[in-house]
Amino acid sequence: MVALRSLRLSPVLVALAATILLAGCAGNPLRSYDKEMQGTLQRLNSGEVDAALSNLESNNASIFSSSSDAPKDQDGEPTEQTQLDSVLGKDILYYFEKGELLKLKNDYAGSRDAWLVADEIVRVWEDEYRTNPTKVIGEVGAYLVSDRVRRYDGQDYEKVFLSTKLALDHILLGRFDLARIEMKKTFEREKLIESFRDREYDKIKEEGDKQGVATTAEELGDQGYPLDELDGPEVRALKNGFQNAFAHYLSGYFFELTGEYSLAAPGYRNALALQPKSKLIQAKVNRVGQQKPGRNEADVLFVVESGFAPEWKSITVAAPVPINRKLVATPISFPIVYSSAEVAVPRTLTVGKKTLPVETLVDVDAMARRLLKDQLPGIITRTVVRAVIKSTVQYQARKRGGVIGEVVAGIATIATEQADERAWRTLPAKLSVARAILPRGEVPISFDTGNGIWHGTITVNDRMTIVPIRVLGGQVYLGSPGSADIEEIREATGAAEPAERPAPARKKKPVKPANAKPQQES
Amino acid sequence: MKFIASTTTRLLFPVMLAASLAACQTTSSPLVDGDSGVSYGDAKAVETVTTDLGSTDIQMTSEKMTQSLLQHPLVREIIRKRQLVVASPVQNKTSEYFDTALISDTILVQLQKNGIRYVVAGDEMQNQVDELRRQNQSGLYNQAKTAKIGNMQGAKYRIDGSVSSIKKRNANVKDVYYKINLRLIEIESGIVEWSDEKEIRKTARR
Amino acid sequence: MKQMTMIAALSLALGGVALPLQAAAAEGGSIASKVEQLGEMTYLTFTDMRAVHRDGLLRVQVTLFNTSASNEQLFYRFRWLDADGFSVWEEEPWKPETIYGKQSKVLNVTSPTLKAVDFRIEVQSPSNSTSGHQHPASSADNPPYR
C-alpha cells in the first residue's frame, strides 16, 4: 500500500501501475454517483474550484484500503475479487472529473495526468476488445450481473471526449507531438467503438431470440418510460452517440497550422459530416491553408464550454417478462437521460474590435440521449433476459414446492435494482467554438454569460493559440492560452514557424482570476 | 543424390530446415521474444486489414506512378539534363486521416534511384533554412568553407496530385473506391506535362 | 493443364514478336523459365507472355487464364534483373488481382528502372496446391497476404 501511494507522484508510473493493479482493486458499485456529484457541481457553479476538488476527493476517499467493507484476510488484503473498475481504489469517473476540475484551475499538467490514468482504463477495455473481440462481446451476455455493477468503462461519448480533451491539454502544454498521437488515437477509438457496437447489437439480438425476449422500446414507452426524452430534432440530427465534431475540427485546426494539409482536410470534412450546418466548418472545407496568420498574428481558437453533461437517472417501469411461458408485467429499472436545463452559450465573443460568431459543435446533452436511444434495445433485452434466467433458475429449484409466488419474489431482486446512473458530470453540456486571426499581444475579450456581460483579457502569443472558456451559470473560467515553447514546437513538428519572430512575451497571463464575478452592465 | 541435396539445403537454409525436416532436431533461432506473440512480417505483403488506405495501396500507387513517369520522354530528358523536381503536397480529398506525403515521398525515392534529382520543400525547407543561417550568421563557422546563402536551386518541375474516395455501405458490405491522381507540372508555364491515376477498390463484408 | 502450358510456350516462341532478352532468355525463352510459382497454380495458367526492351525500359505483357468458373485471387510481383541475373530493383510489393471465372487477364508492366534487361514473375494464388518437396519456400498455406 505505502509503495503504491508513493507511486502517485509519477503519472507515468501510475499509468503503468494501473494496468497491473486493475486485477486487485475493489470498487463500490452501489454508491449513488449522481448524488455525490451534486455538491461538486454546485461549488463549481459558484466559482469555488478548490472546494469542488476537495469535495470530489472526500467522496472518493480510498475505498481500496481500510474503509472497504469487503471481507479481508488477516493481512488486511481483500479475500474477494470484485469487478475490476478502479485504479488505486478510484474508478474512471474520479479521474474524469478530477482532470476537468484541474483544467478549470488552469493546471493543465495535473489535468493531463488525471486523464491519462482514465485513458489507461479505457485502453484496457480497447485492448481486450482488440485482442479478443468475441470474449468482450461475450460479456455482453453475462446477464447475471446488473448493469450497475458492471465495470464502468465510460460511455462511448465520454471515451471519445476524453481523448479529445487530452489532445487539447497537450496542445495547451505545447506538446504538439503528443497532441498529434492523441488525435490519431481519438479517431481509432471512434472506429473501434463503431465496430464494437455493431457486433454487440448482433450478439444481443441473438441472445434475445434465444430466450424468447422481444420486449421493444415502444412497449416500454406504453408502460410509462419517457421515450420522448430520447427523441428530439437535435437527437435525430446526430449520426450516433459518440462521434465528436469538435475532435475533428480540432485536428483540422491543428494540422492546418502545422502545415500538414493532407491531415487537416479530412479533419474539417469529417467535422462537417457531423455538423453539416456549421458555417465555421464550411468556411474551411476545401480551403485549408488559404487564410494564414501573418508574421505578427495568430490563428486563435476559442473553445467555449457551457453547463454540465446531463444526469443519467433510473426509472422503474413494468416490463413484460416471459416467465414460465407467460408474460408477467414486472417492475424493472431502466436508465433515462433527461434533457437538462437550457445552458447559456454566448452568441458572439467580442475580441478586440472584432465580433466573432460562436457555433456549437458538440451537444453532449443530445449525444447522451442519442447514445441511450441507440442502446436502449440492448439494455432492455439484457435486463429482461436476466430476469428470465433468474426466474428460471429459481423455478427449477422450487419446482417441487410448486410455489410460483417465490419465482416472482426472485424477480423482485431484479426489480429493486437501480439502473446505472454513472456518467462524467463535469463534461460540458455544450461545446462551442469561435475562431479568428488576431494580432499578437494582449487582447480584451467580452461576452454575454446569460447573466451579464463578462470582461477579460487574453494574451495571444503563438501562431497556434487556443483559449479555453467555461461558462457555468454566471461564472466564467478563462483558461490561459497555450503558450507553447517555440523550441518545443519546432522539435515536435519540424516546424512551419517563420525563422525570425519576436521573442514571445513570457509573461504570466494578466487576466482576472478565473472565478471573477461578472460585471453587470445595464 | 537426394541426401547431398538436402545437406546443401540445410547449410543454405537453416530456418527452412525446421519446417521441412521434422525428423531432425531443430536449431535455435537468433531471436528473443519472451512469448510476446510479436513477429516480423513481410513489408511487401498484401494488407487487407481494413478498407482504409494502407501499405499495399501506397506501394502499388507509387510503383505504378513511377513506371508511368519513366515511360514519359520528358522524364528521360529531365534525367539527362539533370533538371530539378519538387513535390508539392498531394491533396487529401477523402475523410480519412491519411498522410499523403507517404505517397509523394515514395515516388521521389523511386525516381531518384533512376537518376532524377529533387529539392526539398514544405516542412524540410525550414531545416534547410535553419542550417544555412546557422552556418552564415552564427559566427561559429569558418566563413571560407560555409555553404553560402543565395545559392539554393529552384525546381523546374513539380509533382502535384490528389487522393479522392467514394464510400458506400449497406448492412452487409462496405465498399470504398479510391482514385489517386498525380501530375507533373512545369513550374514556369504551369503546363501539365504528364498525369496519371491509380484506381483502387476495396470491399469488406461483415 | 500440361497442355495449356505447352500451347502457351509455343505462343511465346512463335508469336513472341519481340523478345530481345539477353542471356537468360537463351535458356529457351519459355514461359516456365520466367515464372516462379509458390506452389502449383490449380486454376490459373499463363497463356501468353511477351517482353520487349524499348526506350531503355523492359516492357512485359503477361496473359493469365482462369480455367475455373469461379473467381480466383492472384498475387503477383516482378523481379527485375540485369544481364548477369542480379536483382536491380528493390523487392516489389505483392499485388492482388481478381480474375473472374473463365477470364483472360492481361497484366501490362514496365520495369521501374532503366537497368532491367530480364525479369521473373512470382505468382501465388490461395488455391495453389503443393506436391511434396518442390521448393523449400513453396507452400500454399502461406499466401502473401494477411
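First the proteins, then the strands, lettered A, B, ... as listed; each starts at 1. Please read all numbers here as calculations on a predicted model, not as lab measurements.
By the 6.0 Å contact criterion, NZ on B:Lys148 is enclosed, its count of non-hydrogen atoms from other residues, nucleotides or ligands being greater than 12. Counting heavy-atom neighbours within 6.0 Å of B:Glu77 CD, excluding the residue itself, gives a total above 12. Residue C:Tyr100 places its OH atom among 12 or fewer non-hydrogen atoms of other residues, nucleotides or ligands, all under 6.0 Å distant. Within 6.0 Å of atom NZ in B:Lys93, 12 or fewer heavy atoms from other residues, nucleotides or ligands are found, so the atom counts as exposed in its surroundings.
Between chain C and the residues B:Gln67, B:Lys113, B:Arg76, the largest count of heavy-atom pairs under 4.5 Å involves B:Gln67. The candidate from C:Leu114, C:Thr113, C:Thr110 with the greatest count of non-hydrogen atom pairs under 4.5 Å with chain B is C:Thr110. Considering only heavy-atom pairs separated by less than 4.5 Å from chain B, the leading option among C:Gly56, C:Ser111, C:Pro112 is C:Pro112.
Of the two parts of C:Arg54, neither the backbone nor the side chain holds a non-hydrogen atom closer than 4.5 Å to a non-hydrogen atom of chain B. When heavy atoms are compared at a cutoff of 4.5 Å, B:Gln110 approaches chain C by way of both its backbone and its side chain.
The two residues C:Trp94 and B:Val46 make their nearest non-hydrogen contact at O-CG2, 3.3 Å.
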Working for side chain to side chain contact (heavy atoms under 4.5 Å, CB included), residues C:Arg77 and B:Lys44
CA-CA 10 Å; C:Arg77 63 174 173 182; B:Lys44 307 289 184 186; 3.8 Å; yes
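The CZ atom of C:Phe75 lies 9.0 Å from the OG1 atom of B:Thr56; values are rounded to the nearest 0.5 Å. C:Lys95 NZ to B:Glu63 CD: the interatomic distance, rounded to the nearest 0.5 Å, is 3.5 Å. Here C:Leu57 contributes atom CG and B:Leu70 contributes atom CG; the two are 6.0 Å apart, rounded to the nearest 0.5 Å.
Distance alone, capped at 3.5 Å, places no donor-acceptor pair between the C:Asp55 side chain and the B:Gln71 backbone.
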